[in-house]
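Comments concern the structure below.
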Amino acid sequence: MSGCDRQPVTSLYVHVPFCAHKCEYCAFYSEALNGELVDRYVASVIREMEPVANGVKPRTIFFGGGTPSLLNLRQWEQILKAMERLDLLGADEWTVECNPATVSPDKAELLRSYGVNRISMGVQSLNEGLLDRLGRVHSRAMVFKSYDVLRQAGFDNVNLDLMFAIPGQTMAMWKETLSETLALGSEHLSCYEVIYEEDTPLYAQLQAGQFSVDEDLACAMYDELLESAAKGGFRQYEIANFARHLSGTSVVIPDRACQHNINYWRGGSFHGLGPGATGYVRGAREKNWANTVFYCEQLEQGRRPIESREQLAPLARAGETAAFGLRMNAGWPFEEFQDATGYDLREEWPAEMNQLVSQGWGKIETDRFRLTRQGLRFADAAARQFLRS
């Protein structure tokens, strides 16, 4: 039995599927806001929490979406009081995603009073034209106003999400957004290149020839991100994620890094609640139905809303863990990987590591294997080499 199997499940993800408007690039399961359905969802996700609560004391909680901040005060109070009743409060890190258009002082204060201590705000851009291009419902002014509201409510750990290589975005636009965002002084920064997922309006526009993808510009924007974030006091710890380290000492992972996501990347177990949510508990992956009405019906009838369940073989599980962990700048320390999976990278994947080293994408050090700066840029391709069927 690996060390991972002996550890309790300490991470909880809750998916809130509602959005004010579906963004042009979004492939996550979400749907338009409907008051009656939201109430039904709230009651159902509380039902789904109850059996989970018996065996978990979360160290990290993450409410993602969709737009969790769309829930009104009454709906949030129902969820928070249920979590209090089920002894699910007190996580070291509790994140709620929000849209700048849906942050109010009352809501921020309510969340903070129950122990939410980290907010992830979907800014994406500070250029009005690009916000319209992405189908966002907020303005740049709302970003600054919401940021102030969060600070006044006592949040001292705020992440700001940005996107780059947006159709129509120039390097000058990207530099301006980066400069203004860094000036806000958040503790964390997440920056993602636009991905063209099938079944999204942006993908359809690309296929129709309405715009083209400039890979050279995207690479230049990523390089600009790395340089600007470092100058702004952030330390990169994963391909798209940057955090401050407040103590000032030299560390591999900064102290304001997102601990919930690190658990994902290190192959840790987590429960996933809500429509379309995925959970991963001791090698078994479960996925809920990505249909809110059907999800609610299943729970109302006393059934778990699981669409699929897969038990990974130990080596396949270790390969996935290797692949996800290599997204981090720290790579995989050999001893830590063996403790987590029961396998030695040097024995199971020597050819793959040497191949990446020869490409300039990987580096074998005394105590670990990690991707180089170039390798991180192509981490998905590099990580695929570690997967085992």
Practice problem: Could you go through the salt bridge (charged side-chain N to carboxylate O under 4.0 Å, His left out) check for Glu320 and Arg285 one step at a time? | Solution: CA-CA 12 Å; Glu320 280 199 3; Arg285 181 183 294 111; 2.4 Å; yes
Quiz item: Given Arg317 and Thr341, is the side chain to side chain contact (heavy atoms under 4.5 Å, CB included) satisfied, shown in steps?
Solution: CA-CA 8 Å; Arg317 178 180 168 189; Thr341 67; over 6 Å; no
Exercise. Assess whether side chain to side chain contact (heavy atoms under 4.5 Å, CB included) is satisfied between Gln311 and Arg309, documenting all intermediate values.
Key: CA-CA 7 Å; Gln311 181 73 46; Arg309 188 178 192 277; 3.9 Å; yes
Practice problem: Step by step, work out the salt bridge (charged side-chain N to carboxylate O under 4.0 Å, His left out) result for Arg266 and Glu336. | Solution: CA-CA 9 Å; Arg266 286 303 189 221; Glu336 185 179 341; 3.4 Å; yes
Practice problem: Would you please test Thr321 and Trp265 for side chain to side chain contact (heavy atoms under 4.5 Å, CB included) and show each step? | Solution: CA-CA 7 Å; Thr321 300; Trp265 298 322; over 6 Å; no
Practice problem: Could you give me the CA-CA distance, side-chain angles and deciding distance for Leu130 and Gln124, then say whether side chain to side chain contact (heavy atoms under 4.5 Å, CB included) is met? | Solution: CA-CA 9 Å; Leu130 293 178; Gln124 314 315 354; over 6 Å; no
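Judged purely by atom type and a 3.5 angstrom limit, Ser104 uses its side chain to pair as donor or acceptor with the backbone of Lys107. The main-chain N or O of Ala165 is found under 3.5 Å from a side-chain atom of Gln169 such that the two form a donor-acceptor pair. In this structure a side-chain-to-backbone donor-acceptor pair under 3.5 Å is present from Glu93 to His260. Checking side-chain atoms of Ser269 against main-chain N and O of Arg282 turns up a donor-acceptor pair under 3.5 Å.
To the nearest 0.5 Å, the span separating CD on Gln374 from CD on Gln359 amounts to 8.5 Å. Rounded to the nearest 0.5 angstrom, Cys191 SG and Met221 CE are separated by 12.0 Å. Note that the CG atom of Leu189 and the CD atom of Gln236 stand 10.5 Å from one another [nearest 0.5 Å]. Atom CG in Asp255 sits 4.5 Å away from atom CG in Leu246 (nearest 0.5 Å).
Partner of Pro100 under the side chain to side chain contact (heavy atoms under 4.5 Å, CB included) criterion, out of Leu131, Leu160, Val143, Val149: Val143 alone.
Here ring-ring contact (aromatic ring centres under 6.0 Å, His included) pairs that include residues 114-143, with residues two or more places apart or in two chains, number zero. Residue pairs satisfying the salt bridge (Lys or Arg N to Asp or Glu O under 4.0 Å) criterion with at least one member in residues 351-360, sequence neighbours excluded, are listed as follows: Glu352-Arg388. Evaluation of the side-chain hydrogen bond (donor to acceptor under 3.5 Å, both in side chains) test over residues 141-150, restricted to residues two or more places apart or in two chains, returns Tyr147-Arg151.
For Glu180, the salt bridge (Lys or Arg N to Asp or Glu O under 4.0 Å) partners two or more places apart in sequence, or in a different chain, are Arg140. Applying the salt bridge (Lys or Arg N to Asp or Glu O under 4.0 Å) rule to Glu238 yields the partners Arg327; only residues at least two apart in sequence or on another chain are considered.
Using a 4.0 Å cut-off between a side-chain N of Lys or Arg and a carboxylate O of Asp or Glu, Arg377 and Asp223 do not qualify as a salt bridge. Taking the charged nitrogens against the carboxylate oxygens, Arg40 and Glu300 do have a contact shorter than 4.0 Å, which makes a salt bridge. Taking a cutoff of 4.0 Å between a charged side-chain nitrogen and a carboxylate oxygen, Glu227 and Lys175 do not qualify as a salt bridge. Ionic pairing of Glu187 and Arg244 is not present here: no N-O contact between side-chain nitrogen and carboxylate oxygen is shorter than 4.0 angstrom.
Minimum interatomic distance between Leu345 and Ala322 (heavy atoms only, all atoms of both residues): CD2-CB, 4.2 Å. Contact between Arg112 and Gly154 at its shortest, heavy atoms only, is NE-O, 3.4 Å. Closest non-hydrogen pair, Leu111 versus Phe155, comes out as CB-CZ, 4.3 Å. Summarising the geometry of Arg256 relative to His188, their closest heavy-atom pair is O-CD2, 3.3 Å, with the distance given to 0.1 Å. For the residue pair Leu273 and Ala277, the shortest heavy atom distance occurs at O-CB, 3.3 Å. Taking each heavy atom of Asp156 and Asn117 in turn, the nearest pair found is OD1-O, 4.5 Å.
When side chains are defined from C-beta on, Glu310 counts as touching Leu312, because their heavy atoms get closer than 4.5 Å. Phe144 places a side-chain heavy atom less than 4.5 Å from the side chain of Leu184.
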Report all side-chain donor-acceptor pairs from residues 77-92 shorter than 3.5 Å, counting only partners two or more places apart or in another chain.
{"unit_1": "Gln78", "atom_1": "OE1", "unit_2": "Arg74", "atom_2": "NH1", "d": "3.4"}
{"unit_1": "Arg85", "atom_1": "NH2", "unit_2": "Glu50", "atom_2": "OE2", "d": "3.3"}
{"unit_1": "Asp87", "atom_1": "OD1", "unit_2": "Lys57", "atom_2": "NZ", "d": "3.1"}

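Counting non-hydrogen atoms of neighbouring residues, nucleotides and ligands closer than 6.0 angstrom, the CD atom of Glu335 reaches no more than 12 such neighbours. In the displayed structure, Lys287 atom NZ is contacted under 6.0 Å by more than 12 heavy atoms of other residues, nucleotides or ligands. Within 6.0 Å of CD on Glu36 lie no more than 12 heavy atoms contributed by other residues, nucleotides or ligands.
A donor-acceptor contact closer than 3.5 angstrom is absent between the side chains of Asn263 and Asn261. Side-chain contact annotation: Gln75 with Asp39, donor-acceptor N/O pair under 3.5 Å present. Checked by atom type, the side-chain pair Ser120/Thr95 shows no donor-acceptor distance below 3.5 Å. In this structure, a donor-acceptor pair under 3.5 Å is absent between the side chains of His245 and Tyr237. A donor-acceptor pair shorter than 3.5 Å cannot be found between the side chains of Asn99 and Ser69. With 3.5 Å as the limit, one finds a donor-acceptor pair spanning the side chains of Asn288 and Glu48.
Relative orientation of the His15 and Tyr13 rings is tilted, given thresholds of 30° and 60° on the angle between their planes.
A distance below 6.0 Å separates the ring centres of Trp289 and Phe294. Here Tyr343 and Phe337 keep their ring centres 6.0 angstrom or further from each other. Ring centers of Phe18 and Tyr41: under 6.0 Å apart, within the cut-off. The aromatic ring centroids of Trp174 and Phe164 lie less than 6.0 Å from each other.
Residues Ile239 and Leu387 do not share a hydrophobic cluster, defined by chaining ILVMFWY side chains whose heavy atoms lie under 4.5 Å apart. Phe324 and Phe386 are not part of a single hydrophobic cluster, where members link through side-chain heavy atoms under 4.5 Å apart. Residues Leu299 and Ile306 do not share a hydrophobic cluster, defined by chaining ILVMFWY side chains whose heavy atoms lie under 4.5 Å apart. Following chains of ILVMFWY side-chain contacts shorter than 4.5 Å, one cannot reach Tyr192 starting from Val123, and the two form parts of different hydrophobic clusters. Grouping the Ile, Leu, Val, Met, Phe, Trp and Tyr side chains by contacts below 4.5 angstrom, directly or via other members, places Met173 with Ile166.
A cation-pi arrangement, defined by a distance under 6.0 Å to the six-membered ring centre and an angle within 45 degrees of its axis, is absent between Arg235 and Phe242.
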